[in-house]
2 protein chains.
Amino acid sequence: MATNNYIPKRPDIIDCNIEKTLDVIGGKWAFLVLRELFGGTHRFGELQRRIPAVSPRALTSTLRHMEEKGVLERKVFPTVPVTVEYTLTPKGEDLHQIIMEMKLWAAKWT
Amino acid sequence: MATNNYIPKRPDIIDCNIEKTLDVIGGKWAFLVLRELFGGTHRFGELQRRIPAVSPRALTSTLRHMEEKGVLERKVFPTVPVTVEYTLTPKGEDLHQIIMEMKLWAAKWT
DNA sequence: CTGTATCCGTTTGGATACTG
DNA sequence: CAGTATCCAAACGGATACAG
């Protein structure tokens with residue numbers, strides 16, 4: 001109970017800032033979008049079909065947020081009608097290790 | 001654009017279920033509590049002081065949720081006044097690798 | 001096709017006071 | 001000390017219609 005001079009079990013965690021990471025993958029839909037984009041580039045409508053529960057409003061919000069954070073890139077093609085493609089950036093692809101660790105943990109602790 | 005027969009870049013992500021993991025560490029306060037408990041056992045009031053922005057209501061809710069998920073243990077000592085201690089379980093300690101990966105990612109992509 | 005605008009119900013969470 | 005009860009404001013998010 002001596003909280004004044006306790007020795008941390010995991011000193012590498014103390015100064016750890018993962019809020020930034022959670023800000024990217026912690027949202028309600030962010031991971032579902034990521035999962036799709038790890039499979040390759042997708043268009044807005046494709047994402048909507050593959051994630052049936054998401055409303056267009058929420059999907060737009062999620063995509064914009066992730067674009068702002070630099071984990072995906074949005075490309076607009078001036079076709080008629082317009083075409084938009086979403087692709088992971090290297091920063092986004094690099095989330096791979098984190099997600100793998102999450103997958104391993106979830107599998108281990110059923 | 002051939003979405004019918006595309007080959008995923010990250011096949012190991014496709015069947016991945018990390019919702020369970022995010023359910024534990026994705027909440028607004030969960031990680032801040034985890035960070036404290038990685039330093040060792042703490043009492044309710046200690047957590048409140050170390051996480052000044054959290055209200056008692058939110059802290060209780062977070063702790064109860066994490067207890068329910070099996071990542072921490074709540075021990076009540078029938079002293080007067082009552083004493084309550086929170087400690088990570090092995091399942092909770094095992095979140096360590098995930099958090100380390102998050103920390104590395106956040107550090108890499110300033 | 002790819003969103004945006006609007007409405008609105010639900011949920012979240014802070015502040016505060018109070019209890020065993 | 002460790003919460004719980006209550007109130008209330010803000011944010012989230014779904015449904016729907018519509019615009020460029």
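Numbers restart at 1 for each chain; the letters A, B, ... are given by sequence-line order, proteins then strands.
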Quiz item: How long is the line joining CD of B:E85 and P of D:dG3, in whole Å?
Solution: 12 Å
Quiz prompt | Nearest to side-chain heavy atoms of A:R57, which nucleotide of D:dC7, D:dT16, D:dG13 | solution = D:dG13
Practice problem: Walking along DNA chain C from 5' to 3', note the first and the last nucleotide with an atom under 4.0 Å from a heavy atom of chain A, and give both. | Solution: C:dC1 to C:dC7
Exercise. Rounded to the nearest angstrom, tell me the gap between atom CH2 in A:W29 and atom P in D:dG13.
Key: 9 Å
Self-check item: Donor-acceptor contact present, side-chain A:T83 to main-chain A:F77, <3.5 Å
Solution: no
Self-check item: B:Q48 CD to D:dA2 P, straight-line distance once rounded to whole Å
Solution: 9 Å
Quiz item: Do B:V33 and B:V54 share a hydrophobic cluster, counting only Ile, Leu, Val, Met, Phe, Trp and Tyr and linking them when any side-chain heavy atoms are less than 4.5 Å apart?
Solution: yes
Exercise. Look at B:R49 together with B:E36 and state whether they make a salt bridge at an N to O cut-off of under 4.0 Å.
Key: no
Quiz item: Do A:L63 and A:R74 have side chains that get closer than 4.5 Å, going by heavy atoms?
Solution: no
Quiz item: Do side-chain atoms of B:T60 reach the backbone of B:P56 as a donor and acceptor pair under 3.5 angstrom?
Solution: yes
Quiz item: Choosing from D:dC1, D:dG14, D:dG3, which nucleotide comes nearest the side chain of B:R74?
Solution: D:dG3
Quiz item: Between A:S61 and B:T60, which is nearer to the 5' end of DNA chain D once each is assigned its nearest nucleotide?
Solution: B:T60
Practice problem: Could you tell me whether a side-chain N or O of B:T89 sits under 3.5 Å from a main-chain N or O of B:G70, the two making a donor and an acceptor? | Solution: yes
Self-check item: Value in whole Å for how far the P atom of D:dA2 lies from CZ of B:R50
Solution: 14 Å
Quiz item: Separation of B:E46 atom CD from D:dG3 atom P, in whole Å?
Solution: 12 Å
Quiz prompt | Rounded distance in Å - CZ (A:R64) to P (D:dC12) | solution = 17 Å
Quiz item: In terms of the nearest nucleotide of DNA chain D, which residue is placed more toward the 5' end: A:K28 or A:V82?
Solution: A:K28
